[in-house]
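Beneath this line is the structure, given in structure tokens, with notes to follow.
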Amino acid sequence: MAVAALGLALGGGILLLAWRWLRGAARAASVCGASMRGKTVIITGANSGLGRAAAAELLRMRARVIMGCRDRARAERAAREIRAEVVEDEGGGGGELVVRELDLASLRSVRAFCHRVLQEEPRLDVLINNAGIFQCPYMKTEDGFEMQFGVNHLGHFLLTNLLLGLLKNSAPSRVVVVSSKLYKYGEINFEDLNSERSYNKSFCYSRSKLANILFARELARRLEGTGVTVNSLHPGIVRTNLGRYVNIPLLAKPLFNLVSWAFFKTPLEGAQTTIYLASSPDVEGVSGKYFGDCKEEELLPKAMDDLIARKLWDISEVMVGLLK
């Protein structure tokens, strides 16, 4: 009996390893090695997780990658590691990696970052709105916004709008918005966007991700005919530090770690759709769509509500100070 159980466990382990390897190989092959030479890419939150993986891959494609990160010291350390990895893998090839300070919880920081970009960069080919905060306790940004809505939506809303002129002048160019499947559980409550009446960290994260999709669709509509495309995506369930505010009981951690290793994507696997939308000729001219695993996916009706998208845009403009 014990021998049979051991054999079953070993067989299951081998199958699981094979499945993980095949899944990783399939996802790694999903993005062709298109050259990004001569192109400039901005990635928010590029010092860890999905952003770091995307930065490394685009650097390998010879892009000039600007890492917009809140913690400059951590970002510089990540940049050194990425450069070393690319040099080792490519034998000295690759593009250019630049670190710039960007705190999406501060509209002042967003404006300073954009001012520097506009002063220093002659072109911007791809903007990847990747950074995010996940299910944190109730906190407010420097400007008094609920943290998840403020960082995940409003910070990126202002960032994108301030860089639109450069994106248009660099056309054809792309905006890539990283959302989440959890948008399905969110609702846009215009009566309490700042969650001052009630706060549920899971709901507020989902709402910010729904806002990302509505923003991407409305931006795509406004940019029709400019040569700037806008698409959103979900990366799937990925092993990153995004869940640092999620408490897992000590006794459950070994099981959680095993399950996450077996079934969650690695950051590189999770970043494949981001890289695809940023670089692939397959999506040249495609705009206003939602992707997962490098394929277009259907959205729920609430994520395609153009009236809600326009109202959210108008209110966001006022909240970030684009309109008085």
Just verifying a value: how many Å separate [X] [atom1] and [Y] [atom2], rounded to the nearest 0.5 Å?
X	Y	atom1	atom2	value
Asn231	Arg217	CG	CZ	10.5 Å
Met67	Thr44	CE	OG1	11.0 Å
Lys209	Phe134	NZ	CZ	10.5 Å

Residues Asp103 and Ser109: side-chain donor-acceptor under 3.5 angstrom: no
Do the side chain of [X] and the main chain of [Y] share a donor and acceptor less than 3.5 angstrom apart?
X	Y	result
Asn212	Val177	no
Thr141	Phe145	yes
Gln148	Lys201	yes
Lys39	Arg62	no
Glu224	Ala220	no

Verify same cluster id: Met36, Val286 (apolar side-chain graph, 4.5 Å): yes
Glu284/Arg174 salt bridge by N-O under 4.0 Å criterion: yes
Asp293/Lys265 ion pair, N-O < 4.0 Å: yes
Summary of salt bridge (charged side-chain N to carboxylate O under 4.0 Å, His left out) pairs that have at least one residue in residues 143-171, sequence neighbours excluded: none
Pair listing, side-chain hydrogen bond (donor to acceptor under 3.5 Å, both in side chains) test, anchored in residues 114-130, at least two apart: Arg64-Glu121, Arg100-Glu120, Arg116-Glu120, Arg123-Asp125, Asn129-Thr160
Any pair counted as side-chain hydrogen bond (donor to acceptor under 3.5 Å, both in side chains), so long as it reaches residues 296-308, sequence neighbours left out: Glu187-Lys302, His234-Glu297
Residue list, salt bridge (charged side-chain N to carboxylate O under 4.0 Å, His left out) with Arg310, at least two apart or on another chain: Glu218
Set of residues satisfying ring pair (Phe, Tyr, Trp, His ring centres under 6.0 Å) with respect to Phe113, sequence neighbours excluded: none
Over 12 foreign heavy atoms within 6.0 Å of OH, Tyr185: no
Listed pairs under 3.5 Å, donor-acceptor, residues 314-322 side chains, sequence neighbours left out:
{"from": "Ser316", "atom 1": "OG", "to": "His153", "atom 2": "NE2", "distance (Å)": "2.8"}
{"from": "Ser316", "atom 1": "OG", "to": "Leu312", "atom 2": "O", "distance (Å)": "2.7"}
{"from": "Glu317", "atom 1": "OE2", "to": "Trp313", "atom 2": "NE1", "distance (Å)": "3.2"}

